[in-house]
Amino acid sequence: MAKFTSRLDYNLRFLSHNTYTSQSSIFFTNTTRKNLDLQLSPSKHRLNFKVLCSIKEKENVKDKRDRAGGLVNGVRVEEVDSKAGLGLESGSREVGLDLEWPSWKNIPKRYKLIGTTSLAFVICNMDKVNLSVAIIPMSHQFGWNASVAGLVQSSFFWGYALSQLPGGWLAKIFGGRKVLEIGVLAWSLATALVPVLAGFMPGLLLSRILVGIGEGVSPSAATDLIARSIPLEERSRAVSFVFGGLSVGSVTGLLLAPPLIQNFGWESVFYLFGILGIGWYLGYHFIGEGRALNAVEHAALLQSADQNKSWNNSPEESADQKNSWNNSLDELRASLQDVPWKAFFRSPAVWAMIYAHFCGSWGHYTCLSWLPTFFSEELNLNLTEAAEVSILPPLASVFVTSIAAQFADYLISNGVETTTVRKICQTISFLSPAICMILSSLDLGLQPWEIVGILSSGLALSSFALSGLYCTHQDMSPEYASILLGITNTVGAVPGIVGVALTGFLLDSTHSWSMSLFAPSIFFYLTGTIVWLAFASGKPQSFSESD
């Protein structure tokens, strides 16, 4: 960082100015002190400026600020004499100019956190979707049928489910940022190991389980980070921007995977995507994301906590207590016991979140895993074409996510009850894909491109969940948001384990995509809507007092 400090001493003589002046003359005179005397001579009046400039290479800026009469945006202005803007004014001005490089250092802390977290989620889904494309040539190479392919793809969700509650707890204890960076490193290393272990089924399953564990702690870590850094009126946009990185990652992964596989083999996608995650981990440390929040962000944080009335620790206390890796095992055990588990499960709103998360995940995970195969086999597309068509749902989701976030935050800022907003958004998220899947399942004589368009639209609109369900954890309790998401995401990972494998089994049994892929998703979307409308709530709840 380069710092420049200059001091200007000036004498200003202000005389009334004739607005009809048409001519002026300017004279410059240099003095021995490198002072500049600027004289402006209009036709009737003379306006004299005398500017004294001197640069001191070594000046104690801090001492001068202590003696300053005022400080505004790094500039101290000390007025000696003022006569209502007329007559003689004299004074001195100290200008402190701080130039920081690189330029991202000037970005507010909470925006940098959200940006880097969203980038981690981009890489997260790149590593998640690469197998859905690579599974086609892998199945041909190793002779896998649909049931085995489904087992391989579902193994990711075994680790994903196992790591949800531990991830939420660790995020609450050590802070979301620390848990996130460890998770990224873990899943990236495991991704790079997939080609090495692909020929040995137990090893392949274990590597995918490790990828699931690394990615499983990330949603809870991000939820903790958002709950502690973002005020309520910005929360929908923050959640949408972070979790919207998943859609961007799906698009990026589906775009890169086919040409990489065709030119360098299916192994290349795992090597490259793993290296990207390791690069993110190293870059995260390089930019120094571990620094404390500044005063402005502390104020925003306190405002968010006050609005929710359920977070009793100050930001600094939380950082000191929860981000320290020096806690003893007894303290860790005590913190786990302090979690109001009974209060969570006595709340109908928590059960509504759990079931809604399960329903949404069933449709999302089964389509994420099987759509490329559906487009390849049902629509007779080659690998590249199937992957390109599979890009459409997540690509459209990127635009829908931003619209949904603006829509939700606009309603909340204009006085609409938070619960009402969350119910509206989640209902759109469930009913839209359900209707589109019904249309795709019926024998309406639709062309392949029409089926693609209908499915893409429905799955894109399901992104309204980021302004519905995924904001509700923070709305209900910023303090326990990461643990609440850990609970709901654990149940939400079950469709990845059961649903993805069951889809492959039903496909082998019925040879019907409508019965194996669409019918179960439609059922869960419709029942999830009913439960959400009946029991969901976005009101702050003090679970500690309820327990």
Side-chain angles (χ1 to χ4, degrees), residues 219 223 226-227 230-244 300 303-311 343-344 346-361 363-364 397 399-435 457-481 484-485 487-489 491-492 524-543 546:
T223 299
I226 293 171
I230 306 299
L232 176 62
E233 62 272 12
E234 297 180 12
R235 190 167 295 155
S236 297
R237 282 167 287 178
V239 171
S240 297
F241 187 79
V242 169
F243 286 89
Q303 180 185 8
S304 177
D306 180 67
Q307 289 171 336
N308 287 278
K309 300 182 186 300
S310 59
W311 190 7
F344 290 159
R346 284 201 300 259
S347 171
V350 172
W351 283 106
M353 289 195 301
I354 291 173
Y355 188 66
H357 209 139
F358 178 91
C359 295
S361 294
H364 175 73
S397 295
F399 298 99
V400 172
T401 296
S402 61
I403 295 173
Q406 296 288 343
F407 171 72
D409 282 346
Y410 173 80
L411 292 180
I412 292 175
S413 63
N414 282 273
V416 179
E417 188 178 6
T418 304
T419 299
T420 302
V421 175
R422 304 309 181 204
K423 287 186 175 182
I424 291 173
C425 291
Q426 192 61 36
T427 300
I428 295 173
S429 171
F430 278 165
L431 292 184
S432 299
I435 293 172
S457 300
L459 293 174
L461 289 171
S462 68
S463 297
F464 265 83
L466 296 181
S467 297
L469 168 65
Y470 283 84
C471 286
T472 311
H473 308 81
Q474 296 98 306
D475 294 337
M476 292 179 65
S477 176
E479 182 180 3
Y480 295 110
L484 287 172
L485 184 64
I487 294 172
T488 65
N489 226 8
V491 180
F524 288 119
Y525 280 138
L526 295 179
T527 57
T529 301
I530 295 172
V531 172
W532 185 259
L533 290 176
F535 301 107
S537 175
K539 294 181 179 179
Q541 299 187 27
S542 181
F543 291 106
S546 301

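The first residue in the sequence is number 1, and the count goes up from there. The structure presented is a predicted model; accordingly, all values stated were derived computationally and were not measured.
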Participant: Treating Thr223 as the side-chain partner and Pro219 as the backbone partner, does any N or O pair qualify as donor plus acceptor under 3.5 Å?
Facilitator: yes
Participant: Looking only at heavy atoms, what is the nearest atom pair of Lys423 and Ala536, with distance?
Facilitator: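 Looking at all heavy atoms of both residues, the shortest contact is CE-O, 3.2 Å.
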Participant: Quick one: closest heavy-atom pair of Ser463 and Thr401, and the distance?
Facilitator: CB-OG1, 3.5 Å
Participant: Looking only at heavy atoms, which two atoms of Ala460 and Val400 are closest? And how far apart?
Facilitator: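 Looks like O-CG1, 3.4 Å.
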Participant: Does Gly538 offer a backbone N or O that forms a donor-acceptor pair with the side chain of Thr419 under 3.5 Å?
Facilitator: yes
Participant: Search all heavy atoms of Gly363 against all heavy atoms of Tyr525 and return the closest pair with its distance.
Facilitator: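 Taking every non-hydrogen atom into account, CA-OH, 3.4 Å.
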Participant: For the residue pair Cys359 and Phe430, what are the closest heavy atoms and their distance?
Facilitator: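 The answer is CB-CZ, 4.1 Å.
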Participant: Determine yes or no for a side-chain-to-main-chain donor-acceptor pair under 3.5 angstrom, with Ser429 supplying the side chain and Ser462 the backbone.
Facilitator: yes
Participant: Give the minimum heavy-atom separation between Ser477 and Leu484, together with the two atoms involved.
Facilitator: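 Taking Ser477 first and Leu484 second, the nearest heavy atoms are CB-CD1, 4.3 Å.
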Participant: What's the spacing between Ile403 CD1 and Phe399 CZ if we round to 0.5 Å?
Facilitator: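 Those atoms lie 9.0 Å apart.
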Participant: Rounded to the nearest 0.5 Å, how far does OG1 of Thr488 lie from CE of Met353?
Facilitator: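 Those atoms lie 6.0 Å apart.
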Participant: Before we go on, tell me: are the rings of Tyr480 and His473 under 6.0 Å apart, centre to centre?
Facilitator: no
Participant: Check whether Arg422 reaches the backbone of Ser467 with its side chain - one donor and one acceptor, N or O, closer than 3.5 Å.
Facilitator: yes
Participant: Please lay out, stage by stage, how His357 and Leu469 fare under the test side chain to side chain contact (heavy atoms under 4.5 Å, CB included).
Facilitator: CA-CA 7 Å; His357 209 139; Leu469 168 65; 3.9 Å; yes
Participant: How long is the span from the CG atom in Leu431 to the CG atom in Leu461, to the nearest 0.5 Å?
Facilitator: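 Answer for the CG-CG pair, Leu431 versus Leu461, is 10.5 Å.
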Participant: Under the 3.5 angstrom rule, does the side chain of Asn489 hit a backbone N or O of Leu485 as a donor-acceptor pair?
Facilitator: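 No, Asn489 side chain to Leu485 backbone: no donor-acceptor pair under 3.5 Å.
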Participant: Calculate, to the nearest 0.5 Å, the distance between atoms CD1 and CZ belonging to Ile530 and Phe535 respectively.
Facilitator: 11.0 Å
Participant: Evaluate the ring planes of Phe358 and Phe524, with Trp represented by its six-membered ring, and classify them as parallel (under 30°), tilted (30 to 60°) or perpendicular (over 60°).
Facilitator: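 Phe358 and Phe524: perpendicular rings.
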Participant: Counting N and O atoms only, with roles assigned by atom type, does the side chain of Thr472 sit under 3.5 Å from a partner on the main chain of Gly468, one being a donor and the other an acceptor?
Facilitator: yes
Participant: Hey, could you give me the OH/CD distance between Tyr470 and Gln426, rounded to the nearest 0.5 Å?
Facilitator: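 The CD atom of Gln426 is 8.5 Å from OH of Tyr470, to the nearest 0.5 Å.
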